[in-house]
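First the structure, in the form of structure tokens, and then the observations on it.
Residue numbers start from 1 in every chain, and the chains themselves are labelled A, B, ... in the order their sequence lines are given, proteins ahead of strands. Not measured: the values here are computed from a predicted model.
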Amino acid sequence: MSGRSTFYVTTPIYYVNDVPHIGHAYATLACDVMARFKRLDGYDVHFLTGTDEHGQKVEKAAEAAGLSPQAFTDKVSQSFRDLIGVMNFSPDGFIRTTEKRHYAACQALWEKLVTAGDIYLGKYAGWYSVRDEAFYAESETEVGTDGKRRAGPVGNEVEWVEEPSYFFKLSAWGDRLLEFYDKNPRFIAPESRRNEIISFVKGGLQDLSVSRTSFSWGIPVPGDPKHIMYVWLDALTNYITECGYPDEGNPLWRFWPADLHIIGKDIIRFHCVFWPAFLMAADVAPPKRVFASGWWTTEGQKISKSLGNAIDPVAATAEFGLDPFRYFLLREVPFGNDGDFQRRALIGRLNADLANAYGNLCQRVLSIVAKNCDGKVPAKGTLVDADTALLDRAKGLLGAVRAEFDEQAFHRALTSIWEVIADANRYVDAQAPWALAKTDPVRRDTVLWVLAETIRRVTLLVQPFMPDSTGKILDQLAVPADARTFAAFDRELTPGTELPKPQGVFPRFVEPAAAAS
RNA sequence: GGGCCCGUAGUUCAGUGGUUAGAACGAGCCGCUCAUAACGGUUAUGUCGCAGGUUCGAAUCCUGCCGGGCCUACCA
């Protein structure tokens, strides 16, 4: 085992009730970029994603599809695996809650919580809608003029139902959670979510129902198999199942506690309240950080099945290209904010940032090199102030970008990188290597070397966002495969190295209609 | 009802007490011609939601109002 620092990042596990959409692609993309960055930066990385496959909804959906629950989840889980290929994600593990190892982990955790005295048998009672198959909080229900109590989106009638249930003593954990938040200010991000969670916990916690007897598709409670573990105790545990829990001798246990859970803002409470409470009760270290991403709307509208305006990652990557799509999602919107997916904005980014600024910079530099320098990395002569100024800005990017990644500020990381790209374009104009070609070939070569070297550094840093495209650019600079990590950030281009023929990497996007006219 | 956040150029946003409020995109003009008609320079646009207040000084702090969003537990 190496002595490298570990970095463990996870996506939510996706409920197999749904097919993959932009929300899934977005959360996983953020993890993927994080994981790729940390790998390049020398960390021992583990990146986990997977599917959540239990519960009554799945049981019912399987029945409706005429399949066994297992056959049904096998099928839907595969569609999430397929997304990995479509989006070029790089997970190290894919977990399914129906795996044996997960049963073992959940049951071990359960027993630990029982031993600790944090689980007891009680009665779950609430307003239940048979039609919705869901319980409602009293505040979500109202009594109509006919004296009947109704709830839910369509106002179905609810009845008071009680069933035996095991409870987790969450009510006892409020103060310890608040202390934990206080000592770990980075635990919840962004800041606004942290405020929400703290105010929620300060409002007092109720015990949490953690078992059900009303369905059977799930993990049985140890010693009382009529009870099935309910939702969060099953789902959240996946993050430690992967590391081998309860076997702390498992080689993957070195990754726990997780460095980062990236989730959607809808499940923040479960990750920031329930999860650390479960773990602390079981004497397992809580994760270091939970980052809640926002939601996408499309052209200003909420995404909904009825409007049929979902963004299909497969269609989007097919139309705009995978890397531009990945770039857009993380550049357009500050990570943690809600974002609006606008076709115009995407095309604008694609053309302005990728084709014009970055792609064209590579192309204009590499084609002068190809025509003037015998297709080899040009000779580096004496550097003047303008040269070192540009090079220093490129050198300084690694530290700046690293700091932004520590905050998951992907948009700011990209902004800093693109400032240097703009500097490089200004430098090309100011130095005018095409003019130097006639007057001062030595100086011309130095200018081109400075530019190629700047592109190399920038491209190394863009790799996590756009792995394929940057791979092509690094190929064109003849950067060897073993010189593409940040350990090689200062390994400058060697003059005289043979270069392949340059080729555009980010074509402009032209609307099909405009092209036809 | 209670709590949190936001309202700044056509658009997306930065700026949280101190000189004439900034950036990017978009628009106009000029230049360049290596490059994906790309690049560079330059110009213009704002009663900083409204009204009071604190202060030598407020986009920035306080109060009220208007407009918008989020949270207020067992659907993942």
Side-chain angles (χ1 to χ4, degrees), chain A residues 12-18 51-58 97 124 126 132-137 139-140 152-153 165 167-168 170 190-212 230-235 264-270 273-274 294-295 331-334 337-340 342 344-345 348-349 351-372 411-412 415 418-419 422 424-437 444 447-448 451 502-510:
Chain A
I13 47 172
Y14 300 118
Y15 202 51
V16 293
N17 202 23
D18 203 356
T51 45
D52 182 9
E53 308 187 359
H54 289 135
Q56 191 169 28
K57 281 192 180 176
V58 171
T97 55
Y124 183 68
D132 297 343
E133 291 168 355
F135 281 92
Y136 290 95
S139 58
E140 292 176 288
S165 166
F167 282 82
F168 174 75
L170 187 63
E191 196 67 22
S192 55
R193 301 295 161 200
R194 177 180 158 81
N195 295 342
E196 267 175 31
I197 289 295
I198 289 173
S199 99
F200 173 76
V201 173
K202 279 187 176 161
L205 297 171
Q206 298 170 18
D207 288 350
L208 185 70
S209 169
V210 288
S211 79
R212 284 288 185 279
Y230 189 52
V231 186
W232 294 106
L233 203 67
D234 174 340
K265 65 181 181 180
D266 53 330
I267 52 176
I268 189 159
R269 178 177 312 141
F270 314 118
V273 181
F274 301 177
W295 289 141
R331 173 62 184 84
E332 182 67 6
V333 176
N337 289 10
D338 288 345
D340 189 34
Q342 293 181 14
R344 285 183 65 158
R349 289 274 173 215
N351 286 338
D353 298 357
L354 299 183
N356 297 352
Y358 183 34
N360 184 55
L361 172 69
C362 298
Q363 187 67 6
R364 66 196 302 207
V365 169
L366 289 169
S367 51
I368 306 176
V369 169
K371 285 174 195 162
N372 293 276
H411 67 296
R412 287 208 303 261
T415 304
W418 255 255
E419 277 169 12
N425 270 318
R426 270 188 286 275
Y427 174 90
V428 178
D429 278 42
Q431 302 299 323
W434 55 90
L436 292 169
R444 171 202 67 197
V447 165
L448 292 174
L451 283 164
Q503 213 169 3
V505 170
F506 296 109
R508 280 184 71 80
F509 181 87
V510 181

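Only Glu196(A), Phe200(A), listed by number, bring a heavy atom of residues 194-203 of chain A to less than 4.0 angstrom from any atom of RNA chain B.
Comparing the same atom, C1', in G10(B) and in U45(B) gives a spacing of 9 Å after rounding to whole Å. Using C1' as the reference atom, A59(B) and G7(B) are 11 Å apart when rounded to the nearest Å. Comparing U63(B) with U55(B), their C1' atoms sit 16 Å apart, to the nearest whole Å. Using atom C1' as the reference point in both C56(B) and U12(B), the two lie 36 Å apart (nearest Å). Comparing C61(B) with C6(B), their P atoms are spaced 9 Å from each other, to the whole Å. Separation of the C1' atoms belonging to A9(B) and A14(B) is 13 Å when rounded to the nearest angstrom.
Taking atom CG of Asn425(A) as the reference point, atom C1' of G31(B) lies 16 Å away to the nearest angstrom. We find that CD of Glu53(A) is positioned 17 Å from C1' of C75(B), with the value rounded to whole Å. As a whole-Å value, the separation of Tyr230(A) OH from A73(B) C1' is 12 Å. If you measure from atom CD1 of Ile268(A) to atom P of C4(B), you get 17 Å, rounded to the nearest angstrom. Residue Leu205(A) contributes atom CG, which lies 18 Å from atom P of C71(B) at whole-angstrom precision.
Ring geometry, Trp418(A) versus Tyr358(A): the interplanar angle exceeds 60°, so the pair is classed perpendicular (tilted spans 30 to 60°).
Under the rule for a salt bridge (charged side-chain N to carboxylate O under 4.0 Å, His left out), Arg269(A) has no partner lying at least two apart in sequence or in another chain. By the side chain to side chain contact (heavy atoms under 4.5 Å, CB included) test, Asn372(A) is found to be paired with Ile368(A), Ala437(A), Arg444(A), residues two or more places apart in sequence or in another chain being considered. The ring pair (Phe, Tyr, Trp, His ring centres under 6.0 Å) check on Tyr230(A) picks up nothing, with sequence neighbours excluded. The salt bridge (charged side-chain N to carboxylate O under 4.0 Å, His left out) check on Arg508(A) picks up nothing, with sequence neighbours excluded. A search for salt bridge (charged side-chain N to carboxylate O under 4.0 Å, His left out) contacts involving Asp340(A) returns nothing, not counting sequence neighbours. Residues passing the ring pair (Phe, Tyr, Trp, His ring centres under 6.0 Å) test with Tyr15(A), sequence neighbours excluded: none.
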I'd like a table of donor-acceptor pairs (distance under 3.5 Å, sequence neighbours excluded) in which one partner is a side-chain atom from residues 198-207 of chain A, with atom names and distances.
{"unit_1": "Ser199(A)", "atom_1": "OG", "unit_2": "Glu196(A)", "atom_2": "O", "d": "3.4"}
{"unit_1": "Asp207(A)", "atom_1": "OD1", "unit_2": "Leu170(A)", "atom_2": "N", "d": "3.3"}
{"unit_1": "Asp207(A)", "atom_1": "OD1", "unit_2": "Ser171(A)", "atom_2": "N", "d": "3.0"}
{"unit_1": "Asp207(A)", "atom_1": "OD1", "unit_2": "Ser171(A)", "atom_2": "OG", "d": "2.6"}
{"unit_1": "Asp207(A)", "atom_1": "OD2", "unit_2": "Tyr120(A)", "atom_2": "OH", "d": "2.6"}

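Tested against Phe274(A) for a side-chain contact (heavy atoms from CB on, under 4.5 Å), the candidates Val210(A), Ile267(A), Leu208(A) yield a single pass: Leu208(A).
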If you restrict it to nitrogen or oxygen atoms, what contacts under 3.5 Å exist between nucleotides 7-9 of chain B and the protein, and what is each distance?
none

Polar-atom pairs under 3.5 Å, protein N or O versus N or O of nucleotides 33-36 of chain B: list them with distances, or write none.
{"unit_1": "C34(B)", "atom_1": "O2'", "unit_2": "Arg364(A)", "atom_2": "O", "d": "3.4"}
{"unit_1": "C34(B)", "atom_1": "O2", "unit_2": "Arg364(A)", "atom_2": "NE", "d": "3.2"}
{"unit_1": "C34(B)", "atom_1": "N3", "unit_2": "Arg364(A)", "atom_2": "NE", "d": "3.4"}
{"unit_1": "C34(B)", "atom_1": "N3", "unit_2": "Arg364(A)", "atom_2": "NH2", "d": "2.6"}
{"unit_1": "C34(B)", "atom_1": "N4", "unit_2": "Arg364(A)", "atom_2": "NH2", "d": "3.1"}
{"unit_1": "A35(B)", "atom_1": "OP1", "unit_2": "Lys371(A)", "atom_2": "NZ", "d": "2.5"}
{"unit_1": "A35(B)", "atom_1": "O2'", "unit_2": "Asn360(A)", "atom_2": "OD1", "d": "2.4"}
{"unit_1": "A35(B)", "atom_1": "N3", "unit_2": "Asn360(A)", "atom_2": "ND2", "d": "3.1"}
{"unit_1": "A35(B)", "atom_1": "N3", "unit_2": "Arg364(A)", "atom_2": "NE", "d": "3.3"}
{"unit_1": "U36(B)", "atom_1": "O2", "unit_2": "Phe506(A)", "atom_2": "O", "d": "3.4"}
{"unit_1": "U36(B)", "atom_1": "O2", "unit_2": "Arg508(A)", "atom_2": "N", "d": "3.3"}
{"unit_1": "U36(B)", "atom_1": "N3", "unit_2": "Phe506(A)", "atom_2": "O", "d": "2.6"}
{"unit_1": "U36(B)", "atom_1": "O4", "unit_2": "Gly359(A)", "atom_2": "O", "d": "3.2"}
{"unit_1": "U36(B)", "atom_1": "O4", "unit_2": "Phe506(A)", "atom_2": "N", "d": "3.4"}
{"unit_1": "U36(B)", "atom_1": "O4", "unit_2": "Phe506(A)", "atom_2": "O", "d": "3.4"}

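Here Asn425(A) contributes atom CG and Asn360(A) contributes atom CG; the two are 6.5 Å apart, rounded to the nearest 0.5 Å. We find the CH2-CZ distance between Trp232(A) and Phe270(A) to be 5.0 Å, quoted to the nearest 0.5 Å.
Closest contact between the side chain of Arg426(A) and the listed nucleotides A73(B), G40(B), C74(B) involves G40(B). Nearest to the side-chain atoms of Arg269(A) among the listed nucleotides G40(B), C74(B), C71(B) stands C71(B).
Within the 3.5 Å criterion, the main-chain N or O of Ala235(A) finds no donor-acceptor partner in the side chain of Thr97(A). Ser165(A) contributes a side-chain N or O that, together with a main-chain N or O of Ser211(A), makes up a donor-acceptor pair within less than 3.5 Å.
Residue pairs meeting the salt bridge (charged side-chain N to carboxylate O under 4.0 Å, His left out) criterion with at least one member in residues 362-372 of chain A, sequence neighbours excluded, are Arg364(A)-Asp429(A).
With the 3.5 Å cutoff on both pairing distances, Watson-Crick and G-U pairs in RNA chain B assemble into runs of at least 3 at B:1-7 with B:66-72, B:10-13 with B:22-25, B:27-31 with B:39-43, B:49-53 with B:61-65.
Residue Asp234(A) is classed as having no contact, given no heavy-atom separation below 4.0 Å to the nucleic acid. Arg349(A) comes within 4.0 angstrom of no nucleic acid atom, judged by non-hydrogen atoms across all strands. At a threshold of 4.0 angstrom between heavy atoms, the contacts of Gly204(A) include nucleobase atoms, whether or not backbone atoms are also involved. Residue Leu366(A) is classed as having no contact, given no heavy-atom separation below 4.0 Å to the nucleic acid.
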